[in-house]
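What you see is a predicted model; the values in this text were computed from it and never measured. Ligands are counted one by one from 1 in listed order, and the atoms in each one are counted from 1 as well. Residues: numbered from 1 along the sequence shown.
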Amino acid sequence: MKKVFKRGVMTLSVACVSLILMGTTAVEAKGPLTTEVKTQAVQKTSLTEERINTVLKEAYEKFKDNQEGKNADYIKALAIVDSKMFGITLVTPDGKVYEIGDTKEVVSIQSISKVFTAAKVMQEKGDKFIQEKIGVNATGLPFNSIIAIELHGGSASNPFVNAGAIQSTSWVEAKDSKERWDKIYGNMDDFAGTKLGFNEEVYHSEVNDNKNNQAISKILDARGRMGSDPLEATTVYTKQCSVNVSAHDLGMMAATFANDGVNPKTGKKVLDKKYVPKILAIMATAGLYDNAGDWLYLTGSPAKSGVGGGILAVVPGKLGIGVVSPPLDKFGNSVRGQQAAAYIIDQLGINPLAQ
Ligand code: GLU
């Protein structure tokens, strides 16, 4: 086993050039995780309640004892979260909920929040704005890379790396920081269909140690890409990462996308239907950090993970999947989260690219 990704400074070989970048979390990696779930020939199955319940239970039993991976520790409060926590929630577009395990336990949403803030900016300013001002391409570099900005002409590349996410936060229309935060928080509540909690401990742990993100925001500001004061946007971004979510919340948020932008529980339209495929496309491109390609290859499904251990996956028109399990692989993705979601998509025969 090889230690692949370490907090602090690491060397990464990109096109035969060695670059010094900030890394994320130390993980004992075991090779590509995603090959552990063998994709079977996709069978067209009808999503009966019985079948969903069977596959959900199988996924839980199959992966619950897997202790691979390690909690993120570059944000100190994440290292002490119970790494045994494991919950899976499935929500169909008509609002039926299927769940198993620790589905009410919460973790901080972290990077998954980037999806909702980008959706908010898209709703306010349109999809062209996101494409032109932030970008919709993969960086090929770690989510917190500073050098990626320079390599791509001063652009963040997409809203799901830290640079693009801080930009999204800055572009939410607001007269001040409080209004920006209230809108971002309220928007996540709307996707979840409930009032989400806030993790003070995670926030204080990160806000005192987010100099890399501050530097990113300053560079983007120098390139004329920020919509508000860079440090103010970084603070609001850090807040949005500290919102608590459970597998249940993530399942409902995913189902809102699966249901064309309408929350299946509250019936509230949170995002215009025309923008849903745009957000899902960015999730497919850059949702699972540097493993997004392998994930899409395996599941055909847009997904987004966060270093808190949450993951959501969307099967448009069919299912929203939310999983919480804090131990991460070398890319920063929940090990059991990926395994469970991939297994469920495979066994239900709902890979969107195979329909
Ligand atoms: N708040 C985290 C950061 O900015 C989010 C990281 C993530 O989940 O990818 O580093």
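- Under a 4.0 Å criterion applied to the non-hydrogen atoms of Glu206, ligand 1 contributes the atoms 1 (N), 2 (C), 3 (C), 4 (O), 10 (O).
- Side chains of Lys318 and Thr92: no donor on one and acceptor on the other come within 3.5 Å.
- In this structure the side chain of Glu173 never reaches within 4.5 angstrom of the side chain of Arg180, judged on heavy atoms.
- With a 4.0 Å heavy-atom cut-off, ligand 1 is reached by no atom of Asn210.
- Not one N or O of Gly306 is nearer than 3.5 Å to an N or O of ligand 1, by distance alone.
- Annotation for ligand 1: atoms under 4.0 Å from non-hydrogen atoms of Cys241 are 1 (N).
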Requested in this report: Using the side chain to side chain donor-acceptor pair (under 3.5 Å) rule, take Ser177 and Trp181 through it: C-alpha gap first, then chi angles, then the decisive distance, then the call.
Outcome: CA-CA 6 Å; Ser177 187; Trp181 165 235; over 6 Å; no
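- The closest protein non-hydrogen atom to atom 10 (O) of ligand 1 is Tyr74 OH, 2.6 Å.
- When heavy-atom distances to ligand 1 are checked against a 4.0 Å cut-off, Asn162 comes that close only through its side chain, counted from C-beta outward.
- Proximity of Ser111 to ligand 1, defined as any heavy-atom pair under 4.0 Å, is shared by backbone and side chain alike.
- Although no hydrogens or angles enter the test, the distance criterion places a donor-acceptor pair under 3.5 Å between the side chain of Asp329 and the main chain of Gly332.
- Below 4.0 Å from some heavy atom of Tyr237 lie the following atoms of ligand 1, by number and element: 1 (N), 2 (C), 3 (C), 4 (O), 5 (C).
- Looking at atom 9 (O) of ligand 1, its nearest protein heavy atom turns out to be Tyr289 OH, 2.4 Å.
- Protein heavy atom nearest atom 2 (C) of ligand 1, with residue, atom name and distance: Gln110 OE1, 3.1 Å.
- Below 30°, between 30° and 60°, or above 60°: for Tyr203 and Phe198 the angle between ring planes is between 30° and 60°, a tilted geometry.
- Of all atoms in ligand 1, listed by their number and element, those nearer than 4.0 Å to a heavy atom of Val307 are 6 (C), 7 (C), 8 (O), 9 (O).
- Side-chain contact between Lys57 and Thr54: absent, with no pair of heavy atoms (C-beta onward) separated by less than 4.5 Å.
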Query raised in the report: Should Phe191 and Phe116 be marked as a ring pair (Phe, Tyr, Trp, His ring centres under 6.0 Å) after you check the CA-CA gap, both sets of side-chain angles, and the distance that decides it?
Result: CA-CA 8 Å; Phe191 268 95; Phe116 306 103; 4.8 Å; yes
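- Using modelled atom types, one side-chain atom of Asn199 and one backbone atom of Val202 make a donor-acceptor pair closer than 3.5 Å.
- Residues Asn210 and Gln214 bring a donor and an acceptor atom of their side chains to less than 3.5 Å of each other.
- For ligand 1, the atoms lying closer than 4.0 Å to a non-hydrogen atom of Phe143 are 6 (C), 9 (O), 10 (O).
- At least one heavy atom of Asn213 sits closer than 4.0 Å to an atom of ligand 1.
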